[in-house]
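Below you will find the structure I want to go over with you.
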Amino acid sequence: MHRMKVLGLIALAAVSLVIGILIGRFAITHPQLSWLKRMSKDGDPKYSRQLHQEIQAEEIHKNLQFFSSRPHIAGSFQEEEVLVNYINNKWKSSLHGAKIYNYTVLLSYPDANDPNYVAILSENGVESEVSDKVEKILSPDQNDSTVVNPFNAYSPPGVIVGDPVYVNYGTVEDFQYLTRDLAMNLTGTVAIARYGKIFRGDKVGNGEKFGCAGMILYSDPADYVVGSLDKVYPEDWWLPGTGAQRGTVLLTNGDPRTPFYPSTNSAFYLDEKDIELPKIPVTPIGYNDAVKYLSKLSGIEAPSKWKGNLNITYRIGPGFASPYEKSKMKLYVKTHNVQRTIRNVFGFIEGEYEPDRYVVLGNHRDAWVFGAIDPSSGTATMMELTRALSKLLQKGWRPRRSILFCSWGAEEYGLIGSTESIEELGKVLGSRAVAYLNVDLSLAGNSTLRALATPILHKLLYATAKKVENPNPEEVRAGRKSVYDTWVKNQPSSQDPNLPRVGELGSGSDYSSFLQILGVSAADVRYNYDQKYSLSSYPMYHSVYETVDLVSRLMDRGFYYHQAVARIWGEMALRLADDVILNFDCVQYAETLQRIVNEVQSSYGPKLLQNNITLNSVKEAVGEFLEAAKNLQSRVEKVNRENPLEVRKINDQLMQLERSFIDPLGVAGNLHYR
């Protein structure tokens, strides 16, 4: 009997021990199971709705008034102290943190006391028809002593006297027409080129290659005005004849003295004489001045495609017609290079489950003058987006992945700020950045959305645009309630008219280094003008007239288009930061490659065949890539979302797809484009 009691007590103790272990085990692991359960779910949709509601148009308007109240060219006190400290303090107080990165770089400015100009110089040395040295003030908000007069950054200084010659847009084909078809010797001439078609730095580079001694750039009404020249700003948004477009003519990105390395205190700097800078003087003028010189040119009449909308007979030159046949064109440039410190500001929200994965949003801060469109419409939008997200943080939201906000410096000079940061932080960003979402400017017009993106982000763009309310009441009354509805109507894809067009990314803004150096998937969005207008850009581009008055009175009354861009930007960021599986479409990527190869075959197939070249191996490779992409997409759909290692593995494969196309030796040997 005693023995049975002992055995019973032992059995009871054993059962109690097992129960205790089980209770302890589940008590310990329950929070972990709960955490894993939360990890396997996409972000709560309520935060998307709250973000859209929180983003306020009036707040964006206030931001724009602040950021574009004064000129803020790169390197200036307003830009590098006032605005940088404002952004840094805002982000430090409302987000999880902020940091400033300093770079000492080569910038370029005109001489405020000795402005650039052009003139007709008679044989006895008398100047006439002197161009305006400053842009005419058309409203009080443009009257600021810190406005930098029109110039082209990195032009060498010099006084050039030579025969004028009209070179149209200054493309290689334009110069070949002059030198080959017309057998014209351009050595020592002063080229007059109109803005548009190609980057201004390429115009200058082409002029240099073909022997020109200097270049004058101007904005022709054909590219910046629609309708009568009497109905321009301030009456309408078209460029007035007194407006001149500033801009860099540097052909490389980043500080030219530290190629591929950051311009930090410990950097080795090349001497200015050893770097590739433009070699011929150049300066911009308005079309009120350009007409004074173009109307007096001698030579044959320009081809029809070379004719702009000035009320003159466009002639080519070289030289002036009677009574100016003995006169020359004088180009007077005092632009000079100088070392200055620029600053990037980073703000961040730390992710809860994957803090080492960054969704990166960026906009540059510097402007040639007031910059109410470029870039401050984007800066004002980004500041409102960060304010709205900070409100979500207060309500308990926390993204799965980290979100990084970047305010870049010196973009206008050649993407300097973003390039320097990629050169300094490339190892970190290259391994951790999920995607880069850029807004250079929020609007260049108010017709429809314009989006550029790598193909893997197209599906996300479509889904996002469908969720954002249409800011145009007329479109809403016509039944097009979302941004997507107007987008697909105004810009249908040439491949599928049921989808809107998404353009390809080149190197025109701060996404360039993320995509072209690191291979990070990227997108760039804005509202744009109606493409029925054959404009080279929005009309006031880089002029003194790019003010809050222009934006609030003539482009976006109520700031609802800015608000729509903020919602698109924020929604894309939320999806990339909060969804368990990255919303990347690798099949779309493969199909885009297939389309490109087919287009090359269609356009150049016969010519390639004449030279015993076929695209068979390329087609085969793209076919294999498509099969692999479909296989990956299938695995994406079947992944066990409750297994964090599986989720991480599939997301890393999606994230790395873009990077697999990086060529470390550069495309065609150009290390700036890999």
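By convention here, the first residue in the shown sequence is residue 1.
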Under 3.5 Å, is there a donor on one side chain and an acceptor on the other for Y218 and R194?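 Judged by distance alone, the side chains do not pair up.
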How about S418 and E411: does a side-chain donor come under 3.5 Å of a side-chain acceptor?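 No - no donor-acceptor pair under 3.5 Å links their side chains.
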With distance as the sole criterion, is a donor-acceptor pair present between the side chains of E658 and S521 under 3.5 Å?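 Per modelled atom types, E658 and S521 side chains form a pair under 3.5 Å.
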Contacts table for residues 591-600: side-chain donor-acceptor under 3.5 angstrom, sequence neighbours left out:
from: T592; atom 1: OG1; to: Q588; atom 2: O; distance (Å): 2.8
from: T592; atom 1: OG1; to: Q588; atom 2: NE2; distance (Å): 3.2
from: R595; atom 1: NH1; to: E599; atom 2: OE2; distance (Å): 3.1
from: N598; atom 1: ND2; to: Q594; atom 2: O; distance (Å): 3.3

Looking at R432, R648, R401, which one forms a salt bridge (charged side-chain N to carboxylate O under 4.0 Å, His left out) with D356?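 Looking at R432, R648, R401, the match for D356 under the salt bridge (charged side-chain N to carboxylate O under 4.0 Å, His left out) is R648.
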Side chain to side chain donor-acceptor pair (under 3.5 Å) with R257: which residues, sequence neighbours excluded?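 Partners of R257 by the side chain to side chain donor-acceptor pair (under 3.5 Å) criterion, ordered by chain and then number, come out as D255, Q339.
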Output the distance between atom OG1 (T171) and atom CG (D202), rounded to the nearest 0.5 Å.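 Reported to 0.5 Å precision, the distance equals 10.5 Å.
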Drop me the distance from L251's CG to T248's OG1, to the nearest 0.5 angstrom.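 That separation rounds to 8.5 Å.
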Would you please name every residue forming a side chain to side chain contact (heavy atoms under 4.5 Å, CB included) with A564, sequence neighbours left out?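 Result, side chain to side chain contact (heavy atoms under 4.5 Å, CB included) vs A564: V468, P471, V483, Y527.
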Would you please name every residue forming a side chain to side chain donor-acceptor pair (under 3.5 Å) with N670, sequence neighbours left out?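 Residues passing side chain to side chain donor-acceptor pair (under 3.5 Å) with N670: none at all.
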For D485 and S482, test the side chains for any donor-to-acceptor distance below 3.5 angstrom and give the result as yes or no.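 There is such a pair between these side chains.
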Measuring from L429:CG to I422:CD1, what's the distance to the nearest 0.5 Å?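 One gets 5.0 Å once the value is rounded to the nearest 0.5 Å.
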If you measure from CG on L576 to CG on L457, what distance do you get to the nearest 0.5 Å?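 It is 6.5 Å, given to the nearest 0.5 Å.
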Distance-only donor-acceptor pairs under 3.5 Å for side chains of residues 607-629, two or more places apart:
from: N611; atom 1: ND2; to: K607; atom 2: O; distance (Å): 2.9
from: K619; atom 1: NZ; to: Q601; atom 2: OE1; distance (Å): 3.3

For the residue pair Y538 and Y541, is the inter-centroid distance of their aromatic rings smaller than 6.0 Å?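 Yes, they do, as the ring centres are separated by less than 6.0 Å.
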Can we say R357 and D652 salt-bridge, meaning some charged N sits less than 4.0 Å from an Asp/Glu carboxylate O?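 Judged by the 4.0 Å cut-off on N to carboxylate O distance, R357 and D652 do form a salt bridge.
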Please list, chain by chain and in numerical order, all residues satisfying side chain to side chain donor-acceptor pair (under 3.5 Å) with N253, sequence neighbours excluded.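 In terms of side chain to side chain donor-acceptor pair (under 3.5 Å), with neighbours along the sequence ignored, N253 is linked to no residue.
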Side chain to side chain contact (heavy atoms under 4.5 Å, CB included) partners of N528, counting only residues at least two apart: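 By the side chain to side chain contact (heavy atoms under 4.5 Å, CB included) rule, N528 matches A444, R450, Q531.
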Looking at CD of Q656 and OG of S431, how far apart are the two atoms once the value is rounded to the nearest 0.5 Å?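 Q656 CD to S431 OG: 8.5 Å, rounded to 0.5 Å.
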Could I get the full list of salt bridge (Lys or Arg N to Asp or Glu O under 4.0 Å) partners for D42, not counting sequence neighbours?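 R641.
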Kindly write out the residues that satisfy side chain to side chain contact (heavy atoms under 4.5 Å, CB included) with P284, not counting sequence neighbours, or none if the list is empty.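 Result, side chain to side chain contact (heavy atoms under 4.5 Å, CB included) vs P284: P150, N152, Y195.
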Output side-chain donor-acceptor pairs under 3.5 Å for residues 501-509, partner residues at least two apart or in another chain, one line each.
from: S507; atom 1: OG; to: Y673; atom 2: OH; distance (Å): 3.3
from: S509; atom 1: OG; to: N438; atom 2: ND2; distance (Å): 3.0
from: S509; atom 1: OG; to: D440; atom 2: OD2; distance (Å): 2.7

Can you pull out every ring pair (Phe, Tyr, Trp, His ring centres under 6.0 Å) where at least one residue sits in residues 565-601? Sequence neighbours excluded, please.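 Residue pairs passing ring pair (Phe, Tyr, Trp, His ring centres under 6.0 Å), neighbours aside: Y589-F661.
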Any side-chain heavy-atom pair from L415 and H364 closer than 4.5 angstrom?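 Heavy-atom side-chain distance check fails, nothing below 4.5 Å.
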Evaluate whether atom NZ of K197 has more than 12 neighbouring non-hydrogen atoms of other residues, nucleotides or ligands under 6.0 angstrom away.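 At most 12 heavy atoms, drawn from other residues, nucleotides or ligands, come within 6.0 Å of this atom.
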Can a side-chain donor-acceptor contact be found between T258 and S263 if the only test is distance below 3.5 angstrom?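 Distance-only check passes for S263 and T258.
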Under 3.5 Å side-chain donor-acceptor pair for T486 and T448: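 Absent: no donor and acceptor within the cut-off.
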To the nearest 0.5 angstrom, please state how far the CH2 atom of W237 sits from the CG atom of N446.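 Answer for the CH2-CG pair, W237 versus N446, is 7.0 Å.
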Who pairs with S421 by side chain to side chain contact (heavy atoms under 4.5 Å, CB included), at least two apart in sequence or on another chain?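 Partners of S421 under the side chain to side chain contact (heavy atoms under 4.5 Å, CB included) test: Y103, N344, F346, W408.
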If you count the non-hydrogen atoms of other residues, nucleotides and ligands that lie under 6.0 Å from CD in Q495, is the total more than 12?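 Atom CD in Q495 is crowded, with more than 12 foreign heavy atoms closer than 6.0 Å.
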If only side-chain N and O atoms count, and only distance matters, is there a donor-acceptor pair under 3.5 Å linking S48 with K467?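 There is such a pair between these side chains.
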